[in-house]
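Data first, discussion second: the structure below is written as structure tokens.
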Amino acid sequence: MRFSRAYIPTSKEIPNDAVLQSHILLTRAGYIKGVASGLYNFLPLGKKSLDKIRTIVKEELDHSGCQEVDLSFVTPAELWEESGRIAKFGKELLRFRDRKEALFVLGPTHEEMMVALVRHQLNSYKQLPQNLYQIKTKFRDEARPRFGLMRGREFVMKDGYSFHENENDMKREFYLMQETYKKIFNRLGLDFRVVEADSGAIGGSGSREFMVIANSGEDTLAICNSCDYGANIETAKRQPHRNQNNHDELNVEVEMDFAKFKTPNIKTIEELSKFFHISDWFIAKAVVKKAIYENSSKIAIFFVRGGDEVEEKKAINSINALELIDPTPEELLNVGLIAGFIGLLNLPKNPNIIKVIDLELQNAKPIITGANELDYHYIGVSLEELPEKTHFADLIRVKEGDICPICNKGSLIYKRGIEVGHIFQLGTKYSEPLGATFLDRDGKSQPMVMGTYGIGVSRLLSAIVEQSHDQNGIIMPLAIAPYKINILISNIKNSDELNFGEKLYSDLIAKNIEVILDDRNERFGFKIRDAELIGFPYTIIIGKGLINSKVELLNRKNNIKEEINSELILNKVLELVE
RNA sequence: CGGGGCGUAGCUCAGUAUGGUAGAGUACUUGGUUUGGGACCAAGGUGCCGGAGGUUCGAGCCCUCUCACCCCGACCA
């Protein structure tokens with residue numbers, strides 16, 4: 001391609017609606033152009049890089065035995081009613097009616113369509129397993145699109161679905177996909193982490209997210225600085241505090257007899273800790289929320305150790321609520337709770353109160369806890385012998401510095417991550433309602449066991465730029481650069497430079513190298529800045545040195561210019577792009 | 001969906017307190033000079049001032065409604 005003929009609208013100006021570096025740079029460098037909220041046009045450069053990502057994804061998946069399909073983008077709403085997700089997805093599903101007034105949706109993900117595709121064809125265990133995927137535009141009418149390609153409404157996703165005769169085989173495929181995904185993200189040159197994740201609305205049991213490490217990421221991760229444990233903060237675990245070697249002060253035996261203690265106006269954990277001269281670890285903190293269910297709501301009390309915070313996602317999952325909101329003071333009073341003195345014992349008998357206790361409080365003693373009575377706390381409480389049956393669950397939000405639950409050596413640190421892949425062990429969540437069954441080895445009809453695997457393909461382009469840029473622009477990895485080589489003729493009025501550049505250009509084309517020739521009638525500075533902005537991995541500068549048979553090779557990655565004999569440049573380039 | 005902001009030239013933005021002929025930079029066209037880090041000189045074109053209604057002799061500016069876009073939050077397979 002000749003730069004003089006290419007449609008590459010670059011700009012010095014920062015687009016006024018962009019915040020994220022990747023969004024700014026991709027726009028300024030002429031890869032993408034915003035159309036409307038969450039919608040983007042891909043210009044020639046963007047299209048080329050996107051296609052390269054797509055190709056890498058496809059190559060690795062095909063290599064692992066997956067098969068590409070292409071399902072219709074517009075899908076009948078009936079399917080979504082069958083699976084029950086039309087309500088669950090809500091307004092994110094873009095719905096419309098055709099000329100016959102039939103209701104359709106634009107596919108935001110394709111579990112329903114894929115199950116519908118196979119349910120009548122896969123009838124026997126002999127035909128399983130199958131792993132089908134597509135790389136396709138999806139549409140989700142996001143409440144708040146943002147960050148350019150990172151959270152668009154229209155985006156390209158690879159979505160894969162596997163079908164198995166049993167749980168074990170599904171797990172085998174799950175781990176195969178995990179390894180395949182690692183290969184893909186490694187080929188894309190990303191610094192990423194595989195983390196344990198919440199399965200969210202798609203459901204299923206185990207799930208792993210693939211997170212590109214970047215400060216601009218929307219998710220918080222807790223990762224171990226010693227082993228490879230990592231988890232989304234929503235699900236991250238730790239060694240129980242007492243087992244952590246950095247909390248020696250907790251490993252003391254504390255004598256405390258059971259008693260009811262007057263604690264006038266002592267309400268907060270901090271005040272209690274001071275009042276009793278004791279670590280907040282011995283105090284049970286009550287976090288009260290209003291739990292919202294589909295048709296009802298309850299008051300939920302979550303108990304954790306004084307120094308711990310409740311992780312909302314874990315709390316929601318522990319009681320299967322849709323969401324948690326803060327209760328009003330009246331709502332607390334209505335169920336007989338006294339803020340500041342809520343405790344484990346003597347809770348008001350009210351069916352609208354749910355109590356969940358963090359696992360780290362299991363069998364704990366002695367504990368200080370509110371007496372559910374104004375100005376009183378109990379001390380010396382033992383959770384070894386609770387009067388009624390209690391619900392324990394992991395509720396705490398891990399902190400930086402907590403000890404890793406896996407290696408028990410390293411400590412956890414927070415990182416921000418961009419979710420670029422998510423794999424789920426789905427089970428029969430969709431096969432059952434949609435009637436995707438097969439006859440097993442005993443001739444019995446069974447729902448297929450499914451896995452589902454996603455990669456945010458267009459988001460990857462953003463993630464790559466987030467991780468690979470400097471003040472001057474994008475540093476495009478060789479694997480996805482729209483052109484690997486940029487030949488920059490410093491001054492096209494100089495016929496020696498021009499001729500040399502043209503010759504090198506046609507030589508490289510003959511060798512099938514993806515090359516662009518910057519033959520624009522512009523000054524050197526203008527062209528080199530474009531080259532840096534766009535991020536060509538290598539730019540060959542043909543300029544002043546040519547009289548002495550020298551050209552320069554600029555490596556975008558390390559910004560080093562190397563002088564090279566003009567006779568040798570062709571071979572040098574061939575080496576580089578091998 | 002709650003809170004905030006913004007909309008004026010292709011792009012970035014001034015002009016709005018106090019209503020009176022529509023602005024700058026950049027980009028673009030032409031000519032010349034220049035040619036290794038976004039050059040310089042000269043000349044030139046550029047607007048339904050987001051839309052609708054209203055107030056006024058007169059509205060980019062004031063009032064009402066509306067639409068779009070962005071930010072924080074909620075939400076996000």
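This structure is a prediction, so every number in the text was calculated from the model and none was measured. So you know, we letter chains A, B, ... as the sequences are listed, proteins then strands, and number each from 1.
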Are OP1 or OP2 of [N] and a side-chain N or O of [X] less than 4.0 angstrom apart?
{"X": "A:R146", "N": "B:C71", "result": "no"}
{"X": "A:K527", "N": "B:G38", "result": "no"}
{"X": "A:S11", "N": "B:U26", "result": "no"}

Can you check whether any acceptor in the base of [N] is under 3.5 Å from a donor in the side chain of [X], or vice versa?
{"X": "A:E13", "N": "B:G25", "value": "yes"}
{"X": "A:N491", "N": "B:G36", "value": "no"}
{"X": "A:K12", "N": "B:G10", "value": "no"}
{"X": "A:E552", "N": "B:G36", "value": "yes"}

With rounding to whole Å, what would you report as the distance between [N] and [M] at their [atom1] atoms?
{"N": "B:C49", "M": "B:G60", "atom1": "P", "answer": "8 Å"}
{"N": "B:G7", "M": "B:U16", "atom1": "P", "answer": "12 Å"}
{"N": "B:G19", "M": "B:G25", "atom1": "P", "answer": "28 Å"}
{"N": "B:C6", "M": "B:G50", "atom1": "P", "answer": "13 Å"}
{"N": "B:U8", "M": "B:G4", "atom1": "C1'", "answer": "22 Å"}
{"N": "B:G45", "M": "B:A39", "atom1": "P", "answer": "25 Å"}
{"N": "B:C70", "M": "B:U33", "atom1": "P", "answer": "47 Å"}
{"N": "B:G3", "M": "B:U66", "atom1": "P", "answer": "14 Å"}

Mind checking [X] for me? I need base, sugar-phosphate or nothing, with any heavy atom below 4.0 Å counting as a touch.
{"X": "A:P15", "answer": "sugar-phosphate"}
{"X": "A:S490", "answer": "base"}
{"X": "A:A18", "answer": "nothing"}
{"X": "A:F155", "answer": "base"}
{"X": "A:K561", "answer": "base"}
{"X": "A:N494", "answer": "nothing"}
{"X": "A:K138", "answer": "nothing"}

Value in whole Å for how far the [atom2] atom of [N] lies from [atom1] of [X]:
{"X": "A:I14", "N": "B:G10", "atom1": "CD1", "atom2": "C1'", "value": "18 Å"}
{"X": "A:R556", "N": "B:G37", "atom1": "CZ", "atom2": "C1'", "value": "13 Å"}
{"X": "A:R151", "N": "B:C72", "atom1": "CZ", "atom2": "P", "value": "12 Å"}
{"X": "A:L43", "N": "B:G10", "atom1": "CG", "atom2": "P", "value": "18 Å"}
{"X": "A:D519", "N": "B:U35", "atom1": "CG", "atom2": "P", "value": "21 Å"}
{"X": "A:E522", "N": "B:C40", "atom1": "CD", "atom2": "P", "value": "13 Å"}
{"X": "A:N16", "N": "B:C13", "atom1": "CG", "atom2": "P", "value": "5 Å"}
{"X": "A:I547", "N": "B:U35", "atom1": "CD1", "atom2": "C1'", "value": "13 Å"}

**Item:** side-chain contact (heavy atoms from CB on, under 4.5 Å) partner of A:E60, the single match among A:K182, A:E179, A:K183
**Value:** A:K183

Return the nearest nucleotide to the side chain of [X]; candidates are [options].
{"X": "A:K544", "options": "B:C70, B:G36, B:C75", "result": "B:G36"}
{"X": "A:R529", "options": "B:G38, B:G36, B:C72", "result": "B:G38"}
{"X": "A:I528", "options": "B:G37, B:G36, B:C1", "result": "B:G37"}
{"X": "A:R144", "options": "B:C75, B:A74, B:G36", "result": "B:A74"}
{"X": "A:V19", "options": "B:G37, B:C70, B:U34", "result": "B:C70"}

Side-chain donor-acceptor distances from residues 486-496 of chain A under 3.5 Å, at least two apart:
unit_1, atom_1, unit_2, atom_2, d
A:N486, ND2, A:T539, OG1, 3.3
A:N491, OD1, A:K493, N, 2.9
A:N494, OD1, A:D496, N, 2.9
A:N494, OD1, A:E497, N, 3.0

**Prompt:** Quick check: does any side chain N or O of A:E331 sit under 3.5 Å from a backbone N or O of A:T328, one acting as donor and the other as acceptor?
**Reply:** yes

Nearest heavy-atom pair of [X] and [Y]: which atoms, and what distance?
{"X": "A:R54", "Y": "A:I135", "answer": "NH1-O, 3.2 Å"}
{"X": "A:M170", "Y": "A:G451", "answer": "CG-N, 4.0 Å"}
{"X": "A:E209", "Y": "A:N232", "answer": "OE1-ND2, 2.9 Å"}

**Message:** Using heavy-atom distances to pick each residue's nearest nucleotide on RNA chain B, tell me which of A:T10 and A:P145 is more 5'.
**Reply:** A:T10

**Item:** Along RNA chain B (nearest heavy atom to each residue), the more 5'-positioned of A:E142 and A:R523
**Value:** A:R523

**Message:** Quick one about A:S462 and A:H23 (side-chain donor to acceptor, distance below 3.5 Å, no hydrogens or angles considered), yes or no?
**Reply:** no

**Item:** Any side-chain donor near an acceptor of the partner, A:T10 and A:D530, under 3.5 Å
**Value:** yes

**Asked** Should A:K138 and A:E154 be marked as a salt bridge (Lys or Arg N to Asp or Glu O under 4.0 Å) after you check the CA-CA gap, both sets of side-chain angles, and the distance that decides it?
**Response** CA-CA 6 Å; A:K138 302 286 187 289; A:E154 189 178 294; over 6 Å; no

**Item:** Residue among A:K158, A:K136, A:K58 satisfying salt bridge (charged side-chain N to carboxylate O under 4.0 Å, His left out) with A:D70
**Value:** A:K136

**Message:** The test is salt bridge (Lys or Arg N to Asp or Glu O under 4.0 Å); show your working for A:D326 and A:K289 and say whether it passes.
**Reply:** CA-CA 5 Å; A:D326 288 324; A:K289 295 280 175 185; 2.7 Å; yes

**Asked** Does B:A14 adopt a syn or an anti glycosidic conformation, taking syn as a chi angle within 90° of 0?
**Response** anti

**Message:** Quick check, does A:F526 stack with B:G38? I mean ring centres under 5.5 Å and planes off by under 30°.
**Reply:** no

**Item:** Stems formed with participation of RNA chain B [Watson-Crick or G-U wobble, under 3.5 Å, three or more pairs]
**Value:** B:1-5 with B:69-73, B:10-13 with B:23-26, B:28-33 with B:39-44, B:50-54 with B:62-66

**Item:** Side chains of A:Y31 and A:I534 in contact at under 4.5 Å (non-hydrogen atoms)
**Value:** yes

Using the 3.5 Å cut-off, write out each protein N or O paired with an N or O of nucleotides 42-47 of chain B and the distance between them.
none

**Chi angles and distances behind the salt bridge (Lys or Arg N to Asp or Glu O under 4.0 Å) call for A:K415, A:D191** = CA-CA 12 Å; A:K415 288 269 182 190; A:D191 174 19; over 6 Å; no

